[in-house]
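Note that the coordinates shown come from a computational prediction; the quantities given were computed from them, not determined experimentally.
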Amino acid sequence: MPADRSEALPTARRPHRLAGGQPGLLEPGASTDPYRLRLYRILRTDFPLGHDPGLGAWLLSRYEDVVLALTDPRFTGYPHDGAPRGPVPAPLGLCRGSLVCTPLPEAGTAPAATHAPTDAAASAPADTAADPGPGPAPAVERAAYVLARRIAGRDRADLVGEFCRWLPAGADAVAAGLSSPDSSAPARPGGGADDCARQTGLRERALASFLANMLDDPDLLAAVAGGGTGAGMLLHRAWAETLRRDPPVQIVLRRTRTEVRVSGGTLPAGEAVACLIGAAGRDPARFTAPDRFDPLRADADPLFSGPAGCPAALLGRLEAEHGLRALLAAMPRIRWAEGFRPTSSGVLTRGPRTLLVRPS
């Protein structure tokens with residue numbers, strides 16, 4: 001398996017330190033790349049519990065503490081990203097933890113199409129072009145094949161701007177009652193499945209990270225392209241591994257309902273707590289070689305994938321699996337553009353901003 005890409009990056013300037021030497025999470029020099037700066041590592045080892053005045057929250061960076069804050073009833077939701085006050089579910093993976101977000105079963109009935117790209121029937125597989133079938137999977141698959149075919153003949157393409165951004169938008173339109181990746185219709189107001197699924201920007205970042213990890217490993221691509229009974233399981237594990245190693249949401253805010261003892265000390269009652277998902281997912285106390293992308297790792301953890309019934313979690317997985325299959329079908333020789341190496345950015349939400357490839 002390939003080594004962590006951050007190991008090959010040049011040394012960056014050290015993050016700004018707060019009083020007492022604690023790195024400031026949002027200070028200059030820290031928010032560009034917390035992995036490259038070893039910021040998460042410093043927090044886990046030297047400052048497992050500290051208050052960040054810029055974020056206005058206590059920081060938890062160790063896996064055991066983050067899991068506690070996400071699952072223990074002594075923690076509650078935080079008024080952030082529209083989450084209601086009170087004992088709300090914790091956001092996990094791509095799920096925003098909204099109480100009004102209803103499940104979107106994979107085998108549920110797909111809405112009827114109201115718009116469709118003119119080349120959909122010609123570009124999609126024969127068994128999905130005519131009828132979207134049950135559930136969102138066939139509609140996501142069709143949208144992925146349409147988008148992949150549109151860039152297949154180019155000498156150079158940016159998968160973020162021309163694929164990752166449009167595929168979640170198309171799937172979101174399906175959840176809102178449409179089926180076209182070209183639709184710009186707004187999501188329905190109020191609750192329902194699209195309340196959580198409308199966060200297409202997060203799914204775009206997750207999809208870009210997934211494709212970057214897969215394109216970095218030709219052996220994995222060959223295994224997926226070869227099909228067979230194990231290809232689907234490999235894709236599923238690779239998606240879960242991406243959410244562990246490169247989570248699109250790096251920080252989840254919670255609030256203590258009472259005093260809570262964690263590994264680094266005691267959290268006061270009624271305080272905001274920042275769960276550093278990016279740090280917890282690479283905690284060497286929990287994961288072997290945590291910086292390595294390894295879909296076959298024996299110590300995989302489903303925590304970072306989010307609840308299976310969440311529409312955002314389901315759509316994100318479908319977009320990753322069908323998206324990669326569509327790209328490999330339309331561009332069997334897809335590879336990085338000459339001289340390009342993928343890099344991610346962001347400390348609140350994170351993912352590659354560009355993925356330059358040679359489709360043929």
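For the side-chain hydrogen bond (donor to acceptor under 3.5 Å, both in side chains) test, residues two or more places apart in sequence or in another chain that qualify with E321 are R317. With sequence neighbours excluded, the residues satisfying side chain to side chain contact (heavy atoms under 4.5 Å, CB included) with S263 are P48, R62, E64, D65.
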| request: Check the pair R341 / W336 against side chain to side chain contact (heavy atoms under 4.5 Å, CB included), numbers first and verdict last. | output: CA-CA 7 Å; R341 294 297 304 152; W336 294 128; 3.5 Å; yes

| request: Take D301 and V67, measure what side chain to side chain contact (heavy atoms under 4.5 Å, CB included) needs, and give me the verdict at the end. | output: CA-CA 11 Å; D301 191 326; V67 170; 5.6 Å; no

| E319 and R203: salt bridge (Lys or Arg N to Asp or Glu O under 4.0 Å), yes or no, with the steps? | CA-CA 8 Å; E319 288 154 10; R203 304 207 317 269; 2.7 Å; yes

| request: Show your working on salt bridge (Lys or Arg N to Asp or Glu O under 4.0 Å) between R292 and D294 and close with a plain yes or no. | output: CA-CA 6 Å; R292 180 182 302 159; D294 182 6; 5.4 Å; no

| request: Starting from the C-alpha separation in whole Å, work towards a yes-or-no answer on side chain to side chain contact (heavy atoms under 4.5 Å, CB included) for T266 and R261. | output: CA-CA 4 Å; T266 300; R261 177 73 181 175; 3.4 Å; yes

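If you chain together hydrophobic residues whose side chains sit under 4.5 Å apart, L296 and M233 never meet in one group.
The shortest distance between side-chain heavy atoms of F340 and T354 falls below 4.5 Å. By the 4.5 Å heavy-atom criterion applied to side chains, L221 and L324 are counted as neighbours.
Inspection of the W58 and D52 side chains reveals no N or O donor paired with an N or O acceptor under 3.5 Å.
Between F304 and F287, the ring planes are tilted. Angles from 30° to 60° get that label.
Distance alone, capped at 3.5 Å, is enough to place a donor-acceptor pair between the R244 side chain and the G281 backbone. With hydrogens and angles disregarded, a donor-acceptor distance shorter than 3.5 Å links the side chain of R353 to the backbone of G351. The closest donor-acceptor contact from the side chain of R297 to the backbone of A289 lies under 3.5 Å. In terms of modelled atom types and a separation under 3.5 Å, the side chain of R205 and the main chain of P247 share no donor-acceptor contact. In this structure, the side chain of D158 engages the main chain of L355 through a donor-acceptor pair within 3.5 Å. Here the side chain of R254 pairs a donor or acceptor atom with the backbone of A69 at under 3.5 angstrom. Of the possible polar contacts, none joining the S61 side chain to the A279 backbone as a donor-acceptor pair under 3.5 Å is found. In this structure a side-chain-to-backbone donor-acceptor pair under 3.5 Å is present from R335 to S360. At distances below 3.5 Å, not a single donor-acceptor pair connects side-chain atoms of R325 with backbone N or O atoms of E141. The backbone N or O of P248 lies less than 3.5 Å from no partner atom in the side chain of R350, so there is not a single donor-acceptor pair.
Counting heavy atoms of neighbouring residues, nucleotides and ligands inside a 6.0 Å radius, atom CZ of R358 does not exceed 12 of them.
The minimum heavy-atom distance linking S305 with L243 is given by the pair CA-CD1, 3.7 Å. Here the shortest heavy-atom pairing between A206 and L94 reads CB-CD2, 4.1 Å. When all heavy atoms of T200 and P168 are compared, the pair lying nearest together is CG2-O, 3.7 Å. Residues N213 and R245 share a closest heavy-atom pair of OD1-NH1, 3.2 Å.
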